[in-house]
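Read the numbers this way: they start at 1 and go in the same order the structure lists the ligands and their atoms. Side chains included, hydrogens not; waters and symmetry mates left out as well; all remaining heavy atoms used. Residues: numbered from 1 along the sequence shown.
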Amino acid sequence: MSDRTAVLAPLTDWSAAVRARARIGHTLEVHETIGSTNDRARELLVEVGGDGGVVLAEVQTVGRGRRGRTWLSPSGLNLTLSVALRPALAAADAWQLGLATALATLEACRTAAPGSVLGLKWPNDVVAGDERKVAGLLLETVMSGERLTGAVLGIGINVNWRSSEMPAEIARQAASLSSLAGADVDRVALLDRLLDSLDDELVAVESGRSPLARYRAACVTLGREVTVDTATGPVHGTAVGIDASGSLVLETPGGRVALSAGEVASVRGGSPA
Ligand code: BTN
């Protein structure tokens, strides 16, 4: 082995996660560096055979989070990917994709860190028992009138990124699967499981089986006293339900309020499932 070979970290071989005959992951593009995997997946939407294509990157220079945040993830440690989809769904049912993707991500994370306490924080974060974030989703949709013509499922999972190596602000709010599992997690096996799980969830949603009941069971926000940041300001109340269109229902001093979008900023009471 030359000196140079000895100092280079081995590149990950992702080929075991390519699933030639499956809907999701029949193609897997791997980029060492890209702007945002969501942007590349959006391009795939209009390419022949683009449906179900997966774009993965070790580094994103402009990785996006929800509500205008940036998504930071160092090379070689985490999972950062987007799936291009042309779902057979009406625009009115697009919200179900968010729930289905969250459930698939939760299932893959639970498999990677068996025995750990993991749940979903509304709308679609995977969180540890202490509420630190393990995974985040950014769903972008393309509509044409009443039709959902495309969707990009952007998924970022903290896998082997140690708290001691995270910037302090992220370390306060984030946890990695490896810290929950007590050992490094195989990223290729995690990706394989995630794509399998996404495939199953997509089949269910497209055949009219709603993910709502399973989402409610996994949602750790329910039963808590929360403040939700919305486009029109913070709303404070007790989270009492998820309604039939995926909105979070809060019992507030002024009555019940259903929120279709927002960020749960602070939480009191209860304990994650
Ligand atoms: C959030 O919790 O705010 C959502 C984070 C989503 C991050 C993923 S990483 C892969 C994909 N590409 C992006 O630019 N963002 C998503």
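Residue Thr80 has at least one heavy-atom neighbour below 4.0 Å for each of these atoms of ligand 1: 9 (S), 10 (C). Interface atoms of ligand 1 facing Arg69, defined by a heavy-atom separation under 4.0 Å, are 1 (C), 2 (O), 3 (O). Ligand 1 places these atoms under 4.0 Å from at least one heavy atom of Gly156: 8 (C), 9 (S). Heavy-atom contacts of Ser36 reach the following atoms of ligand 1: 12 (N), 13 (C), 14 (O) (cutoff under 4.0 Å). Taking every heavy atom of Gly65 and a limit of under 4.0 angstrom, the matching atoms of ligand 1 come to 1 (C), 3 (O), 4 (C), 5 (C). Listed by number with element, the atoms of ligand 1 under 4.0 angstrom from any heavy atom of Gly63 are 14 (O). Applying the 4.0 Å criterion to heavy atoms of Ser82 picks out, from ligand 1, the atoms 11 (C), 12 (N).
Taking Arg23 as the reference, Asp51, Leu85, Asp199, Leu202, Glu206 meet the side-chain contact (heavy atoms from CB on, under 4.5 Å) condition, with sequence neighbours excluded.
Nearest protein heavy-atom neighbour of atom 4 (C) of ligand 1: Leu137 O, 3.4 Å. Closest to atom 5 (C) of ligand 1 among all protein heavy atoms lies Trp71 CE3, 3.4 Å. Here the heavy atom of the protein found nearest to atom 13 (C) of ligand 1 is Gln60 OE1, 3.3 Å.
Here the straight-line distance linking atom CZ of Arg256 with atom CD of Glu251 works out to 4.5 Å at 0.5 Å rounding.
For the 3.5 Å distance criterion, the side chains of Gln60 and Thr37 qualify, holding a donor opposite an acceptor. For the 3.5 Å distance criterion, the side chains of Asp13 and Ser15 qualify, holding a donor opposite an acceptor. With hydrogens and angles left out, the side-chain atoms of Thr230 and Thr232 include a donor and acceptor closer than 3.5 Å.
Salt-bridge annotation for Glu107 and Arg214: absent, with no side-chain N of the basic residue lying under 4.0 Å from a carboxylate O of the acidic one.
When the side chains of ILVMFWY residues are joined at heavy-atom separations under 4.5 Å, either directly or via intervening members, Ile157 and Ile34 end up in two distinct hydrophobic clusters. Both Leu195 and Leu153 sit in one connected hydrophobic cluster of ILVMFWY residues. Membership requires side-chain heavy atoms under 4.5 Å apart, directly or through other members.
The residue from Arg66, Glu263, Arg64 that puts a heavy atom closest to atom 14 (O) of ligand 1 is Arg64.
Of the residues listed (Thr105, Leu118, Val159, Val127), the one engaging Val134 in a side-chain contact (heavy atoms from CB on, under 4.5 Å) is Leu118, and it is the only one.
For Ile155, every heavy-atom contact with ligand 1 shorter than 4.0 Å involves the backbone, none the side chain.
At least one heavy atom of Lys133 lies less than 4.0 angstrom from ligand 1.
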